[in-house]
Structure formats: C-alpha cells, structure tokens
Amino acid sequence: MLRLFVALALPASLRAEIAGLAGGIPGARWVPPENYHLTLRFIGEIEPWRAQEVDDALAAIRARPFTLRLAGVGTFEKAGRIQSLWVGAERNDALTHLQTKVETALQRVGLAPERKRFSPHVTLARTDRAAPEKLMAFVQAYNLFRATPVEVEHFTLFSSRLGKEASVYTPEVDYDLVARVAA
Ligand code: ATP
Ligand code: MG
C-alpha cells in the first residue's frame, strides 16, 4: 500500500519566508520547512494498481499556471481543541479550479468524494498540546502576514511515510500546468 496525496510543492524561498513565522509556542510541534506544502487532495493508503490509475487521471488534467500568494494565519479546531496552525492562501479562482479538476479526476477513477470543503492552507504546526492563549496571540500577531507571490507551474503527487517525529514526503510525479492548451 502507498499513502498518497496531491499537493503544491513550495519553492525554497517561500518555505524560508513561512519558516520565519515558526517558533515561540511551547508544546507546538512545528512542521519542518522542507515538508511545507499546500494539499489539494488527500488520497490515503491505496494499492499500487490504483496508484497507477490515479497517476493516469492526474496526468490527463489540463489547467493553467497561476500566481499563488499565501496570506494570513489561522487554526483548525476539533472538539474544542486547536489542532493545527496554518498559513492561508489568498482567494484564487485558478487554484480552486485546479483543485476541482483534481477532485473530479480522482472520483472518476473510483475514489470516494472528499466531503470536506477545500480550504487551502500550509500547515505550520500541530498544536493540540499548546496553550490556546498562545495560539490566539500568534494568530493576532501574524494575521497580516503576506508572502511574496510565487508562480505555480506544476502540481505534485506525493507519497507519505508517517514517522515518529515528522512524516517523510516524497514527490513521486510532477504534472505540468500549461499556459495554452493546444487546439
Ligand atoms: P501525521 O498524520 O503523522 O501528522 P502528516 O499529516 O504530515 O503526518 P499525512 O497524514 O500523510 O502526513 O498527510 C499528508 C497531507 O495530507 C497533509 O497535508 C495532511 O494535512 C493531509 N491530510 C492527511 N489526512 C487527511 C484527511 N483525512 N483529510 C484531508 N487531508 C488530510
Ligand atoms: Mg496526517
């Protein structure tokens, strides 16, 4: 079985900008900067033959390159606990469009629909063991954060190996976004 997800990899310059926000919250488990990514679709554990179908489906997607700007920070909560701290993405029709195409392609090869609404973000830290006041202060302090925009020219199928400290993500396939679809 392979554990897979589809995401935007982020250039080193942008990862470094985001890493500048990290730190200063006791109990937070910060994501290592090399692991920063923006998930388009979590796939989970699948059989290798199915992974081949996923690859074929993703390779058939035609979508345009676009400019991505990360901005603002926020939290995800579950059962009254703040689970994670993230950097958001500015509203972006091209990104939404790409995510929809990925979702549709994956459903077509038989994956169950994702029920959660797409909420583009880059996870900075797991925070279930951090004090809520510290997290709220962090959100307030960095709410106006805006990263330098980057050009997104491909999306990526990653495999994930869960680890005790941090997971190890491996880019398996890059899929190019193309400015002009040939007639
Ligand atoms: P760990 O689960 O050990 O914290 P991780 O979350 O870094 O590790 P994965 O669980 O393989 O690694 O997740 C890969 C990516 O997919 C991450 O961006 C994660 O937030 C996202 N993801 C994982 N599970 C889900 C899910 N059930 N629904 C939506 N996205 C998910
Ligand atoms: Mg996980």
Side-chain angles (χ1 to χ4, degrees), residues 1-12 14-19 21-23 25-48 50-51 54-55 57-58 61 68-90 92 95-130 135 138-139 147 150 152 154-175:
M1 297 280 262
L2 287 162
R3 185 179 179 92
L4 299 176
F5 64 101
V6 182
L8 301 181
L10 307 179
L14 180 56
R15 285 188 272 119
E17 268 185 71
I18 301 170
L21 304 181
I25 303 177
R29 286 164 292 147
W30 299 95
V31 173
E34 66 270 20
N35 274 6
Y36 292 155
H37 63 277
L38 189 154
T39 301
L40 297 172
R41 173 58 140 95
F42 180 67
I43 295 174
E45 308 278 345
I46 60 171
E47 310 272 0
R50 230 181 205 310
V54 162
D55 177 28
L58 294 175
I61 289 176
L68 173 74
R69 192 208 285 267
L70 299 180
V73 294
T75 60
F76 285 138
E77 297 182 24
K78 202 161 99 188
R81 289 189 82 84
I82 300 175
Q83 298 284 332
S84 67
L85 198 57
W86 43 259
V87 177
E90 269 183 3
N92 184 324
L95 171 62
T96 307
H97 189 67
L98 173 61
Q99 195 275 335
T100 304
K101 287 203 162 181
V102 168
E103 179 63 32
T104 307
L106 295 181
Q107 286 185 25
R108 223 181 281 133
V109 294
L111 270 68
E114 170 63 71
R115 272 182 281 130
K116 271 187 280 174
R117 204 184 124 87
F118 180 52
S119 168
H121 64 276
V122 176
T123 301
L124 268 181
R126 313 287 157 140
T127 55
D128 48 300
R129 293 181 217 146
L135 295 167
F138 183 96
V139 170
V150 295
V152 177
H154 61 263
F155 64 99
T156 304
L157 178 63
F158 283 92
S159 62
S160 168
R161 265 188 303 119
L162 300 180
K164 243 202 240 125
E165 290 293 312
S167 301
V168 177
Y169 304 143
T170 306
E172 299 290 346
V173 190
D174 285 338
Y175 306 95

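Counting starts at 1 for both ligands and their atoms, in listed order. Computed from heavy atoms alone, side chains included, the values below leave out hydrogens, waters and symmetry copies.
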Can you tell me the protein heavy atom closest to [atom] and the distance?
atom                    : value
atom 17 (C) of ligand 1 : H37 NE2, 3.4 Å
atom 13 (O) of ligand 1 : F42 CE1, 3.8 Å
atom 4 (O) of ligand 1  : R126 NH1, 3.1 Å
atom 8 (O) of ligand 1  : S167 OG, 2.8 Å

* Asked: Can an N or O of T39 be found at a distance shorter than 3.5 Å from an N or O of ligand 1?
  ->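 Between T39 and ligand 1, an N or O pair is found under 3.5 Å apart.
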
* Pairs flagged by salt bridge (Lys or Arg N to Asp or Glu O under 4.0 Å) wherever residues 69-81 is involved - sequence neighbours left out ->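 As it turns out, the salt bridge (Lys or Arg N to Asp or Glu O under 4.0 Å) pairs with a partner in residues 69-81, which skip direct neighbours, are R69-E90.
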
* Which is it for L58 and L106 under the side chain to side chain contact (heavy atoms under 4.5 Å, CB included) test, yes or no, and what are the steps along the way? -> CA-CA 8 Å; L58 294 175; L106 295 181; 4.2 Å; yes

* Asked: For ligand 1, is L162 a contact, meaning one of its heavy atoms is under 4.0 Å away?
  ->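 L162 counts as a contact of ligand 1 under the 4.0 Å cut-off.
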
* K116: heavy atom below 4.0 Å from ligand 1, yes or no? ->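 A heavy atom of K116 does come that close to ligand 1.
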
* Asked: Taking the side chain as C-beta and beyond, is there a heavy-atom pair between I61 and F155 under 4.5 Å?
  ->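 A side-chain contact under 4.5 Å exists here.
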
* Asked: How close do E172 and S159 get, heavy atom to heavy atom, and via which atoms?
  ->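 The pair with the smallest heavy-atom distance is OE2-OG, 2.6 Å.
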
* Give the numbers and elements of all ligand 1 atoms closer than 4.0 Å to a heavy atom of S160. =>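 Listed by number with element, the hits are 9 (P), 11 (O), 12 (O).
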
* Proximal ligand 1 atoms for R3, defined as those under 4.0 Å from one of its heavy atoms ->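 So the answer, numbered in order with elements, is 9 (P), 10 (O), 11 (O).
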
* Hey, is Y169 touching ligand 1 through its side chain, its backbone, both or neither, going by heavy atoms under 4.0 Å? ->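 Looking at Y169 and ligand 1, just side chain atoms fall under 4.0 Å.
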
* For the residue pair H121 and W86, categorise the inter-ring angle as parallel (less than 30°), tilted (30 to 60°) or perpendicular (more than 60°). =>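 Aromatic pair H121/W86 classed tilted.
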
* To do: Taking only Lys NZ, Arg NE, NH1 and NH2, and the carboxylate oxygens of Asp or Glu, determine whether E34 and R15 approach each other closer than 4.0 Å.
  =>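 No, this pair does not count.
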
* To do: Could you pull out all residues at least two apart from F158 that satisfy ring-ring contact (aromatic ring centres under 6.0 Å, His included)?
  =>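 Result, ring-ring contact (aromatic ring centres under 6.0 Å, His included) vs F158: F5.
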
* Testing I46, L162, I43 for side-chain contact (heavy atoms from CB on, under 4.5 Å) with R3, which one passes? ->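 Running side-chain contact (heavy atoms from CB on, under 4.5 Å) over I46, L162, I43 with R3 returns exactly one hit, L162.
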
* Using protein heavy atoms only, decide if any is under 4.0 Å from atom 22 (N) of ligand 1. =>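 True for atom 22 (N) of ligand 1.
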
